[in-house]
Amino acid sequence: MLSINELRASIEGKEILKGINLEIKPGEVHAIMGPNGSGKSTLASVLAGREEYEVTGGTVVFDGKEILDMAPEDRAAEGIFLAFQYPVEIPGVTTINFLKTAVNEIRKYKGESPLDAAQFLKMVREKAKLVSMNDSLLKRALNEGFSGGEKKRNEIFQMAVLEPKLAILDETDSGLDIDALRIVAEGVNSLRSPDRSAIVVTHYQRLLDYIVPDYVHVLYKGRIVKSGTKELAFELEEKGYDWIKAEVEAIG
Amino acid sequence: MSNETIDLKTRLVTDFYARESVMNGEASSAFHQKKRAALAEFDKLGFPTTRNEEWKYSNVKDLTSVLYNFNADSSITSADLEDLKIPSQEANILYFINGHYNAALSVFVSASSQIIIDSLQEAYKKDPVLINTYFNELVKDENDAFTALNTAFAQDGVFIHIPDNQTVEHPVILRFISDARVQNVGSQPRNIIAVGRNAHVKLAEAYRTLGNERSFTNTVTEIFVSEDAGVEYYKVQNESENAYHIGTTKVKMLDRSQFYSGTVTLNGRFTRNNLNIILDGERCEAHMYGLYFPDGVQHVDNHTVADHRKPNSESNELYKGILRDRSKGVFNGKIFVRPDAQKTNAFQSCKNIVLSTDATMNTKPQLEIFADDVKCSHGTTTGQIDEEALFYMRSRGISQSEAMALLMFAFCADVISQIRIDSVREYLEGVIAEKLASK
Ligand SMILES: Nc1ncnc2c1ncn2[C@@H]1O[C@H](COP(=O)(O)OP(=O)(O)OP(=O)(O)O)[C@@H](O)[C@H]1O
Ligand SMILES: [Mg+2]
């Protein structure tokens with residue numbers, strides 16, 4: 001499904017990703033952990049197509065297509081979705097109108113006819129229920145004045161509407177209360193299927209109790225320095241990152 | 001003079017005296033004496049140059065370098081005017097073609113007990129003394145060549161009077177059409193709007209050009225707002241690539257009155273709007289909203305004044321602009337707080353998005369405060385489109401152009417939503433959406 005090979009990226013001349021390798025098969029969930037500033041959000045942004053980052057090397061193949069030269073909107077239409085660590089507030093554009101535009105632009109890309117207002121509303125209501133998203137939020141300007149938790153929930157709601165093949169969740173768990181965490185996790189799990197995959201970036205093992213990953217990777221200084229199964233997350237929770245940092249320094 | 005070309009100023013001055021010479025008795029009227037004085041003022045001032053501080057960023061050389069026919073006939077029919085679709089039973093709609101009132105096209109729905117609407121010419125014939133009490137009273141000290149020129153040639157336009165305690169349910173739409181299909185045309189509409197005590201009315205001036213020859217519109221509107229009255233006043237400009245528009249609206253507000261304005265410039269080669277509000281009463285509220293959207297080589301200049309002369313009043317201003325291509329925008333917002341105007345609240349904000357490196361925006365807030373117990377704030381921003389927002393939208397599958405259109409439409413929305421004549425607002429939303437989709 002996704003094959004990242006020796007990916008390097010920099011911003012303002014500073015190299016952040018220093019050769020990432022990652023292989024994700026259909027149906028798999030991969031967790032990415034790692035200390036602050038190690039490049040997790042950068043990786044997520046580069047995969048989604050953020051143009052501020054300059055890709056200086058490597059390849060990313062998604063569903064058989066090289067995506068690094070694709071526009072962000074085309075990647076979205078191909079099935080990549082990024083749940084932002086810091087969702088953007090967009091005054092004046094309602095969530096519902098925004099999503100309708102997104103859904104129909106993706107349908108257009110696929111050569112499908114646009115959904116009419118009734119079909120769209122019906123679908124949106126179902127998905128909103130799935131993540132217990134309050135109807136009143138849909139009519140408000142996108143993320144404007146939303147609480148931290150509401151913003152994160154809105155990300156998962158959008159994911160549920162767009163049904164991506166690859167979901168990248170960047171710290172979707174931070175800022176959520178216990179109930180919201182469970183609801184969000186259920187939303188993610190309801191999308192799990194043999195042909196959908198996910199990358200879950202998190203600092204906390206707790207989320208991985210709900211969304212059980214097939215693999216856990218540690219990103220440090222722009223490289224994946226350790227990979228394992230969900231047990232690795234427990235180990236990190238217990239011991240922190242010092243031992244991993246020490247291992248990396250030892251190798252040099 | 002070594003060549004035969006007659007410049008615009010000379011032609012106008014000559015025309016004035018030629019007309020005067022065939023006026024008979026009317027030439028000695030008080031009304032005409034005002035015009036005569038205005039002509040002399042225009043002659044003395046001449047068209048402004050960029051050395052004049054008020055015209056620093058707006059050069060009228062192009063505008064004044066050709067001649068215009070100020071008495072052009074027009075073969076216009078209602079079919080030519082179907083763009084602004086306002087159901088005729090919902091508004092009083094007055095048409096002015098090349099500056100002249102057209103009774104055949106106009107429709108009235110409000111009762112004459114609620115509102116008196118006449119062409120200025122008609123009104124003057126009926127009651128010259130009444131018209132003379134209003135005419136030029138507000139703009140006589142403007143010290144502005146275009147205003148003086150308009151006064152000198154003021155001939156047609158509208159006189160609206162709303163008697164005390166009347167709330168006029170149906171809006172009044174004044175449509176000024178320049179028919180530039182066959183020649184360069186000029187027009188100088190002059191409007192007087194007198195709103196009685198505790199009377200309420202909604203008005204819109206809509207400017208439009210047909211054809212691609214040049215049009216020059218030089219318009220002046222004087223609005224008198226009595227105690228406890230409420231006026232909503234919108235100005236919509238959707239003119240041609242060869243349209244030059246200079247307009248002054250001057251408003252005087254008395255105690256506890258409210259004035260809302262919306263000035264929307266969608267198209268036009270060169271536009272200068274002066275909106276000058278005197279808050280000459282206590283507990284007045286003046287709201288000024290503006291939106292401009294130039295592209296190509298268009299030039300839009302908004303000069304506004306909120307002149308607080310009495311205590312306890314409030315003015316609130318928000319102007320927004322989107323500039324594309326090689327267009328230029330100018331915003332100059334003056335706030336005066338006179339010594340007597342304690343406890344004034346005055347807010348001003350001008351926000352711009354500049355979408356091209358060749359487009360420019362000049363903003364100048366100008367606050368002159370002579371009272372000590374006041375709350376004033378002003379701010380201007382000029383920036384690009386929010387890249388974070390753009391990426392967020394694109395990451396959901398929305399194309400760059402569609403995302404831009406959504407963001408810009410949202411940017412315009414807080415001005416457009418202030419326009420409370422539904423059909424005018426819907427018209428604007430349509431034109432703006434179309435303009436956004438065009439690039
Ligand atoms: N726009 C930018 N300009 C300059 N430096 C940047 C920019 N974006 C990211 N960086 C730097 O890149 C590095 C990696 O940042 P990134 O956000 O990817 O880290 P992260 O692993 O997601 O951290 P966290 O766990 O705190 O979210 C940091 O040192 C950060 O300061
Ligand atoms: Mg991060």
Side-chain angles (χ1 to χ4, degrees), chain A residues 44-53 70-95 97-110 112 114 141-144 151 154-155 157-159 161-164 166-168 170, chain B residues 262 264 289-293 318-322 349-353 355 379 381-419 425-426 428-430 432-437 439:
Chain A
S45 297
V46 169
L47 292 177
R50 190 172 195 128
E51 283 152 358
E52 284 92 324
Y53 294 95
M70 275 189 196
E73 55 269 36
D74 293 346
R75 299 185 199 197
E78 291 287 342
I80 293 178
F81 179 92
L82 169 61
F84 284 60
Q85 181 173 5
Y86 304 108
V88 183
E89 299 197 6
I90 305 186
V93 179
T94 60
T95 305
N97 196 18
F98 166 72
L99 261 182
K100 188 168 180 204
T101 310
V103 166
N104 284 332
E105 290 259 301
I106 291 176
R107 291 180 70 91
K108 191 165 84 189
Y109 181 91
K110 292 180 177 163
E112 297 166 2
L142 187 58
N143 292 327
E144 194 185 30
K151 284 181 185 166
N154 191 10
E155 294 294 285
F157 164 64
Q158 292 176 36
M159 182 187 78
V161 169
L162 298 175
E163 299 187 328
L166 174 69
I168 305 164
D170 191 359
Chain B
V264 181
Y289 293 92
L291 181 69
Y292 38 94
F293 205 160
L318 174 64
Y319 271 64
K320 291 184 128 183
I322 298 175
S349 165
C350 177
K351 297 182 178 166
N352 301 284
I353 296 179
L355 290 175
T381 59
T382 297
Q384 283 81 41
I385 204 95
D386 180 352
E387 290 292 339
E388 297 274 327
L390 202 58
F391 175 65
Y392 187 80
M393 298 175 98
R394 294 178 72 189
S395 80
R396 298 297 182 254
I398 300 175
S399 66
Q400 164 132 341
S401 59
E402 185 66 27
M404 291 272 278
L406 272 174
L407 288 175
M408 287 192 280
F409 198 84
F411 178 80
C412 301
D414 44 359
V415 170
I416 295 301
S417 63
Q418 296 294 332
I419 291 176
R425 190 186 55 253
E426 284 156 17
L428 288 173
E429 285 169 348
I432 289 171
E434 212 170 278
K435 245 192 125 157
L436 289 171
K439 294 238 169 128

Salt-bridged, A:Glu51 to B:Arg394, with N to O below 4.0 Å? yes
Could you report the tightest heavy-atom contact between A:Pro91 and B:Ala410, atom names first, then the distance? O-CB, 3.4 Å
Which atoms of A:Asp74 come close to chain B, meaning under 4.5 Å heavy atom to heavy atom: side chain ones, backbone ones, both, or neither? neither
Using heavy-atom distances under 4.5 Å, tell me whether A:Thr94 contacts chain B through its side chain, its backbone, both, or neither. neither
Go through the atoms of A:Glu78 and report whether side chain, backbone, both or neither lie under 4.5 Å from a heavy atom of chain B. neither
To check you understand the geometry: which heavy-atom pair defines the closest contact between B:Phe391 and A:Ser45, and what is its length? CZ-O, 4.2 Å
Under 4.5 Å from any heavy atom of chain A - which part of B:Ala413: neither
Check each atom of A:Arg75 against the heavy atoms of chain B and say whether the ones under 4.5 Å are side chain, backbone, both or neither. neither
Contact origin within B:Glu388 toward chain A - heavy atom pairs under 4.5 Å: both
Shortest non-hydrogen contact between A:Ala76 and B:Gly397, atoms and distance: CB-N, 3.3 Å
Heavy-atom side-chain proximity of B:Ile398 to A:Phe98 below 4.5 angstrom: yes
For the NZ atom on B:Lys351, are there more than 12 heavy atoms of other groups (residues, nucleotides or ligands in this structure) within a distance under 6.0 Å? no
OH on B:Tyr392 to CG on A:Asn143, rounded to 0.5 Å: 4.5 Å
Bottom line for A:Leu99: the part with an atom under 4.5 Å from chain B's heavy atoms is neither
With a 4.5 angstrom heavy-atom cut-off, which part of A:Pro87 approaches chain B: side chain, backbone, both or neither? both
Are A:Glu73 and B:Glu402 close enough that some pair of their side-chain heavy atoms sits under 4.5 Å apart? no
Side chain to side chain contact (heavy atoms under 4.5 Å, CB included) between A:Asn97 and B:Leu406: does it pass, once the steps are laid out? CA-CA 9 Å; A:Asn97 196 18; B:Leu406 272 174; 4.3 Å; yes
